[in-house]
Amino acid sequence: MPVFAATPEIIAEAGRFLAQAGIVAFPTETVYGLGADATNDLAVAAVFSAKRRPVFNPLIVHVPALAIAERLARVDERARTLAAAFWPGPFTMVLPRLSGSYISDLATAGLDTVALRVPAHPIAHALMLAARKPIAAPSANRSGHVSPTTAQHVEADLGDVLHMILDGGPTEVGLESTVVDATGARVRLLRPGAVTAEEIEAVLGVPIDRPHAGDVDSEKPVSPGQLISHYAPRARVRLDAATALPDEALLSFGDGPATGANIINLSPQGNLLEAAANLFASLRRLDATGVATIAVMRIPETGLGDAINDRLRRAAAGR
Ligand code: TXA
Ligand code: MG
């Protein structure tokens, strides 16, 4: 049984497990999260695999304090004001990622931004301190299911694939955090949550953009990821390539060419978890060579292959 009462000993063990690329479900004040070391691509890939997410949405990176957020993202005066008002709490800010930040490219889905949150839950805090890592965590439900607000919900959905679910009782808020994009001239509401647009506007003293204001009260949930931009390389992307043409870079897989000059093999063993972990960093590296086109070999449409192919198709479609 993977559900454990969150004693200090269990939290210490969960922290060690996280730091060694394990994944752990834990309570926050909003919903239970499925956490991984946000600096480890393979650990983050394991989260997507466990959730059976068909797409790689960028994940929220949980940090214990604003000071840690400042090491990962550019926190300007406005963001600091919002942090002072709403952290710790059910509030997530998308901010420009600092170049040289060691956050996994898979956690941010290859974007130059990162979503950060300081949760207000003692177990979440203790876990972050025990792991000594920022924790990337989507809600701990099977993809397409509703977010879990008890450890038993998590167990029902993911008990067969998780080793550790920390039980902190029912969550207080029961609804995911509010997500805002604070990278632009105006703050934009990306996902409504416990912190309301009115509260944010009261703190800022200026209106924020609410592209989905009409959906907030409706039955129809705002589809996550609907409002986010997707990573697209500068180079053209050619899919289903059998081989690379002379002036192309090659993203290969499995039996394809091994990593070499202008070639990266996502996983010579044909392991989709490894391929997912390497995907965004590899695209970025090939793009940085300055080639006009990145040829991509076929990736199987099974398991994480669906999410990999979804992202590759978006990359091929451009911005
Ligand atoms: O309450 C919550 O927020 C829970 C707990 C565990 O913290 N987490 C959660 O994560 O709901 P998730 O992965 O289910 O939702 C993350 C949301 C998605 O809508 C995603 O598109 C958005 O945040 N997001 C993350 N990074 C982003 C980025 N760089 N740019 C735009 N949106 C981003
Ligand atoms: Mg979710």
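Quick note: residue numbers are just sequence positions, from 1. All ligand and atom numbering here is 1-based and tracks the order in the structure. Given the structure is predicted, the values throughout are model-derived calculations rather than measurements.
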_Less than 4.0 Å is my threshold; does some heavy atom of I60 fall inside it relative to ligand 1?_
yes
*Check whether more than 12 heavy atoms from other residues, nucleotides or ligands sit under 6.0 Å from atom CZ of R74, and answer yes or no.*
no
*Under 4.0 angstrom from ligand 1, any heavy atom of D181?*
no
_Applying salt bridge (charged side-chain N to carboxylate O under 4.0 Å, His left out) as the test, list every pair that has at least one member in residues 169-179; sequence neighbours left out._
none
_Counting neighbours of CZ on R80 that are heavy atoms of other residues, nucleotides or ligands and sit closer than 6.0 Å, is the number greater than 12?_
yes
*Return a yes/no value for T92: is any of its N or O atoms, backbone included, closer than 3.5 angstrom to an N or O of ligand 1?*
no
*Using a strict cut-off of 4.0 Å, indicate which atoms of ligand 1 neighbour a heavy atom of L190.*
31 (C), 32 (N)
*Should H62 be listed as contacting ligand 1, given a heavy-atom distance under 4.0 Å as the test?*
yes
*atom 33 (C) of ligand 1: which of P58, P96, A137, A124 has the nearest heavy atom?*
P58
*N141 backbone or side-chain N/O/S under 2.8 Å from the Mg ion (ligand 2)*: no
*asked:* Less than 4.0 angstrom from a charged side-chain N to a carboxylate O is my criterion; do D181 and R186 meet it?
replied: no
*Could you name the option among T178, V94, T30 that has the heavy atom nearest to atom 1 (O) of ligand 1?*
T30
*asked:* Would N57 count as a contact residue for ligand 1, given that I'm defining contact as a non-hydrogen atom of the residue lying under 4.0 Å from a ligand atom?
replied: no
*Would you check the N or O atoms of Y32, main chain and side chain alike, for any that come under 3.5 Å of an N or O of ligand 1?*
no
*List in chain and number order the residues that pass side-chain hydrogen bond (donor to acceptor under 3.5 Å, both in side chains) with R313, two or more places apart in sequence or in another chain; answer none if no residue qualifies.*
E301
*At a 4.0 Å threshold, what atoms of ligand 1 neighbour a non-hydrogen atom of T113?*
28 (C), 29 (N), 30 (N)
_Close approach, R53 and ligand 1, non-hydrogen under 4.0 angstrom_ = yes
*In terms of side-chain heavy atoms, does R117 have a donor or acceptor partner in T28 at a distance below 3.5 Å?*
yes
*asked:* Side chains of R71 and S101 only: does a donor on one sit below 3.5 Å from an acceptor on the other?
replied: no
*Which one of T196, V179, I208 satisfies the side-chain contact (heavy atoms from CB on, under 4.5 Å) criterion with L189?*
I208
*Examine R191 against ligand 1 and note whether any of their N/O atoms are separated by less than 3.5 Å.*
yes
*Atoms of ligand 1 less than 4.0 Å from R117 heavy atoms?*
1 (O), 5 (C), 7 (O)
*Do T183 and T113 have a side chain donor and acceptor closer than 3.5 Å?*
no
*Are a donor atom and an acceptor atom from the side chains of S252 and N265 found within less than 3.5 Å of each other?*
yes
*asked:* Under 4.0 Å from a heavy atom of A115: which atoms of ligand 1 are those, numbered in the order shown and with their elements?
replied: 25 (C), 26 (N), 27 (C)
